[in-house]
Amino acid sequence: MYDFIIVGSGLFGSVCAHELRKKNKKVLVIEKRSHLGGNVYTEDNKGISVHKYGAHIFHTNNKDIWDYVNSFVEFNRFTNSPLALHNDKLYNLPFNMNTFYQLWGVTEPGQAKKIIESQRQELNGKKPENLEEQAISLVGKDVYEILIKGYTEKQWGRKATELPPFIISRLPVRFTFDNNYFSDRYQGIPIGGYTKLIQAMLDGIDIKFNVDYLQYRDEYAGLAKKVIYTGSIDEYFDYCLGELEYRSLNFEVLELDTDNFQGNAVVNYTERDIPFTRVIEHKHFDPVETQHTVITREYPAEWHRGLEAYYPVNDKKNNELYKRYRKLASEEKNVIFGGRLAEYKYYDMHQVILSALQTVTKL
Ligand code: FAD
Ligand code: UDP
């Protein structure tokens, strides 16, 4: 008998498992993949820590969360400064004075503001209601056309006019020469990889790998008083109200016989015709001296059953359907739903950790 069964060994499940064990609860983690960590999982490739499910950069403004993750593993001082490639020209991200200089040759913030202001006129003061309008309102038409439209439409498989504004508001817009992709106070990558962080959280906890809880739920649910479920919420209810939409990804991993392929951890490809959105070169996240390098190209894809769900599509239609699933979830006795898939939320890692800590406190 266990006090808790935790479905999923991603960050949400692992934080809950760790905190509950600290409170002397008996916990079993069930994971359908063959490894722990969910999407933050990293694996070693001859000294290079490879982010198996795409680039993961930890960032937060919350000192408690930063201290919390640092209590398990030491973090390096990595700062994400991605580049965007468009028509063979490189631009700095996020949108800042370096980007505006590269685009328009302007050297002063006032000049950049003037250009953006004039390009924003086409909105006629209208409150932005979709991603396209939000982007034009923030950075003007040129930045939208060159750095946002193509990337966004391939990433989400939908027109920018059909996407919610909040997706683009994740990125800072600055009138300083600062290429830091995040404005948070704390940022870094666990030295030795995220797998070390999750292993430390799950130390001493029973885990079953390669088991899909939903296939054996009667058998397992009987083993514990409560279940914490971190998989997709619609899958839990056998899609009885219909499918929520997600975006999936295909990762193409290449081991190359060169010590430095692109000179930066992340390069975005913002042209619509190039099928991948970004190329990451893993060794630049946690620098090591090796003769070889490993890169991953990220190809977005529409999700269907059988594929991994990576991004919830939080538009109006899906959010309403999620609310109906949420109601079913609230009627489910002794099951707590949490994490990016169960809460159908575009959560970053620090937000998932906070949500898991709050869940355990409530319990
Ligand atoms: P997950 O990591 O998805 O874990 C869920 C786990 O549950 C998985 O291991 C899954 O196999 C398991 N599971 C599901 N269903 C079942 C079942 N039926 N039975 C058994 N096991 C099951 N955040 C950042 O802060 N910074 C970044 O740079 C960043 N980059 C990202 C890049 C990409 C490409 C993606 C997709 C996400 C990124 N994120 C980033 C977000 C981050 O990955 C998530 O916030 C976090 O990993 C979510 O943790 P989770 O536990 O909710 O979900
Ligand atoms: N985005 C863009 N161009 C870029 C980078 C991002 O248009 O070069 C947009 C795109 O819509 C993306 C969103 O900004 O989905 C958020 O970007 P972020 O890098 O936060 O995405 P994630 O790392 O979560 O995939």
Side-chain angles (χ1 to χ4, degrees), residues 2 4-18 20-21 27-45 48-56 58 72-73 190 192-217 219-221 223-224 227-236 238-239 243-244 246-253 280 282 294 296 298-301 303-312 335-349 352-353 355-356:
Y2 290 93
F4 287 90
I5 280 186
I6 299 184
V7 182
S9 64
L11 263 179
F12 193 94
S14 300
V15 169
C16 288
H18 181 81
L20 289 166
R21 185 167 186 265
V27 176
L28 172 67
V29 175
I30 294 178
E31 172 53 61
K32 72 176 174 190
R33 294 181 184 168
S34 59
H35 60 76
L36 46 69
N39 293 337
V40 308
Y41 173 70
T42 48
E43 69 186 9
D44 178 69
N45 178 308
I48 300 172
S49 180
V50 172
H51 297 216
K52 187 90 188 286
Y53 301 94
H56 277 79
F58 197 93
F72 296 101
V73 57
Y194 286 90
T195 296
K196 258 177 96 174
L197 168 71
I198 303 284
Q199 277 168 343
M201 287 178 176
L202 293 178
D203 187 30
I205 290 170
D206 293 349
I207 311 179
K208 274 198 186 303
F209 290 109
N210 303 307
V211 177
D212 184 334
Y213 170 79
L214 296 179
Q215 278 183 20
Y216 303 97
R217 73 171 99 182
E219 201 176 303
Y220 279 105
L223 285 184
V227 173
I228 296 179
Y229 176 81
T230 74
S232 303
I233 190 164
D234 51 349
E235 188 182 9
Y236 182 92
D238 205 16
Y239 306 103
E243 286 175 358
L244 288 163
Y246 302 90
R247 288 297 279 170
S248 192
L249 296 169
N250 290 309
F251 297 105
E252 182 186 22
V253 184
I280 59 175
H282 300 269
V294 181
T296 300
E298 211 170 294
Y299 296 81
W303 174 86
H304 58 76
R305 290 185 208 186
L307 291 184
E308 290 286 351
Y310 289 109
Y311 292 89
V335 183
I336 296 120
F337 293 76
R340 207 181 210 208
L341 298 173
E343 293 181 66
Y344 198 64
K345 224 172 179 173
Y346 195 171
Y347 268 145
D348 277 332
M349 291 181 277
V352 166
I353 293 173
S355 168

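FYI, side chains are in, hydrogens and waters are out, and symmetry mates aren't considered; it's all heavy atoms of this structure. Positions are given from 1, in the same order as the sequence printed here. Predicted, not measured: the structure shown is a model, and the values here were computed from it.
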task = Might you point out which heavy atoms bring S9 and L202 nearest each other, and give the distance in Å?
result = CB-CD1, 4.2 Å

query = Going by heavy atoms in the side chains, are S355 and E343 under 4.5 Å from each other?
reply = yes

request  = Could you give me the CA-CA distance, side-chain angles and deciding distance for Y41 and Y194, then say whether side chain to side chain contact (heavy atoms under 4.5 Å, CB included) is met?
outcome  = CA-CA 6 Å; Y41 173 70; Y194 286 90; over 6 Å; no

note = Residues at least two apart in sequence or cross-chain that pass side-chain hydrogen bond (donor to acceptor under 3.5 Å, both in side chains) with H304, listed by chain then number, are none

query = Would Y236 and L214 count as a side chain to side chain contact (heavy atoms under 4.5 Å, CB included) if you check the C-alpha gap in whole Å, the side-chain angles of each, and the deciding distance to 0.1 Å?
reply = CA-CA 7 Å; Y236 182 92; L214 296 179; 3.9 Å; yes

key: Non-hydrogen atoms of S248 and L307 that approach each other most closely   = OG-CB, 3.8 Å

request  = Could you list the residues that satisfy ring pair (Phe, Tyr, Trp, His ring centres under 6.0 Å) with Y347, not counting sequence neighbours?
outcome  = none

request  = Sequence neighbours left out, what passes salt bridge (charged side-chain N to carboxylate O under 4.0 Å, His left out) with E298? Give chain and number order.
outcome  = R278

Check against side chain to side chain contact (heavy atoms under 4.5 Å, CB included), I5 and I30 = CA-CA 7 Å; I5 280 186; I30 294 178; 3.8 Å; yes

query = Restricting to pairs with a member in residues 27-39, which pass salt bridge (Lys or Arg N to Asp or Glu O under 4.0 Å), not counting sequence neighbours?
reply = R33-E308

key: Pairing residues for S49 by the side-chain hydrogen bond (donor to acceptor under 3.5 Å, both in side chains) criterion, not counting sequence neighbours   = none

ask   = Does some side-chain heavy atom of V227 sit less than 4.5 Å from a side-chain heavy atom of V7?
value = yes

message = Between H282 and H51 (side chain of the first, backbone of the second, donor and acceptor by atom type, cut-off under 3.5 Å), is there such a pair?
response = yes

task = Carefully, step by step, assess T42 and T195 under the rule side-chain hydrogen bond (donor to acceptor under 3.5 Å, both in side chains).
result = CA-CA 5 Å; T42 48; T195 296; 3.3 Å; yes

query = If you measure from OH on Y310 to CH2 on W303, what distance do you get to the nearest 0.5 Å?
reply = 13.0 Å

Test item: I233 and L244 side chains (from C-beta on) under 4.5 Å apart, heavy atoms = yes

task = To the nearest 0.5 angstrom, please state how far the CG atom of L197 sits from the CG atom of L11.
result = 6.5 Å

Over all atoms of both residues, closest heavy-atom pair of I228 and C16 = CD1-CB, 4.0 Å

query = Residues two or more places apart in sequence or in another chain: which of them pass salt bridge (charged side-chain N to carboxylate O under 4.0 Å, His left out) with R247?
reply = E302

inquiry  = If you apply the rule side chain to side chain contact (heavy atoms under 4.5 Å, CB included), what do you find for H56 with N39, and how did you get there?
reply    = CA-CA 9 Å; H56 277 79; N39 293 337; 4.3 Å; yes

key: Side-chain touch I6/I205, heavy atoms, less than 4.5 angstrom   = no

query = Parallel, tilted or perpendicular for H35 and Y53, by the 30°/60° rule?
reply = tilted

ask   = Are the side chains of V40 and F58 in touch, meaning some heavy atoms are under 4.5 Å apart?
value = no

inquiry  = Looking at every heavy atom in both F209 and L36, which two are closest together, and how far apart are they?
reply    = CE2-N, 3.4 Å

inquiry  = Salt bridge check, E235 against R305: does any charged N sit closer than 4.0 Å to a carboxylate O?
reply    = no

request  = Only counting residues at least two apart or in another chain, list the ones meeting side-chain hydrogen bond (donor to acceptor under 3.5 Å, both in side chains) with Y246.
outcome  = D234

inquiry  = Going by the rule ring pair (Phe, Tyr, Trp, His ring centres under 6.0 Å), which residues pair with Y239 if we only count those two or more places apart in sequence or in a different chain?
reply    = none

task = May I ask you to check if R21 and F4 form a cation-pi contact, with NZ or CZ under 6.0 angstrom from the six-membered ring centre and within 45° of the axis?
result = no

request  = Please collect all side chain to side chain donor-acceptor pair (under 3.5 Å) contacts where either partner lies in residues 196-217, sequence neighbours excluded, each pair once.
outcome  = Y2-D206

inquiry  = When you compare the side chains of E252 and T296, does any donor N or O come within less than 3.5 Å of an acceptor on the partner?
reply    = no

message = Once side-chain hydrogen bond (donor to acceptor under 3.5 Å, both in side chains) is applied, do any residues pair with S232, and if so which ones, sequence neighbours excluded?
response = none

note = For K52 and F251, the nearest pair of non-hydrogen atoms, with its separation, is O-CD1, 3.9 Å

query = ring pair (Phe, Tyr, Trp, His ring centres under 6.0 Å) with F12: which residues, sequence neighbours excluded?
reply = none

ask   = How close do L341 and A309 get, heavy atom to heavy atom, and via which atoms?
value = CD2-O, 3.6 Å

message = So, using ring pair (Phe, Tyr, Trp, His ring centres under 6.0 Å) as the criterion, who are the partners of Y220 when residues are at least two apart?
response = none

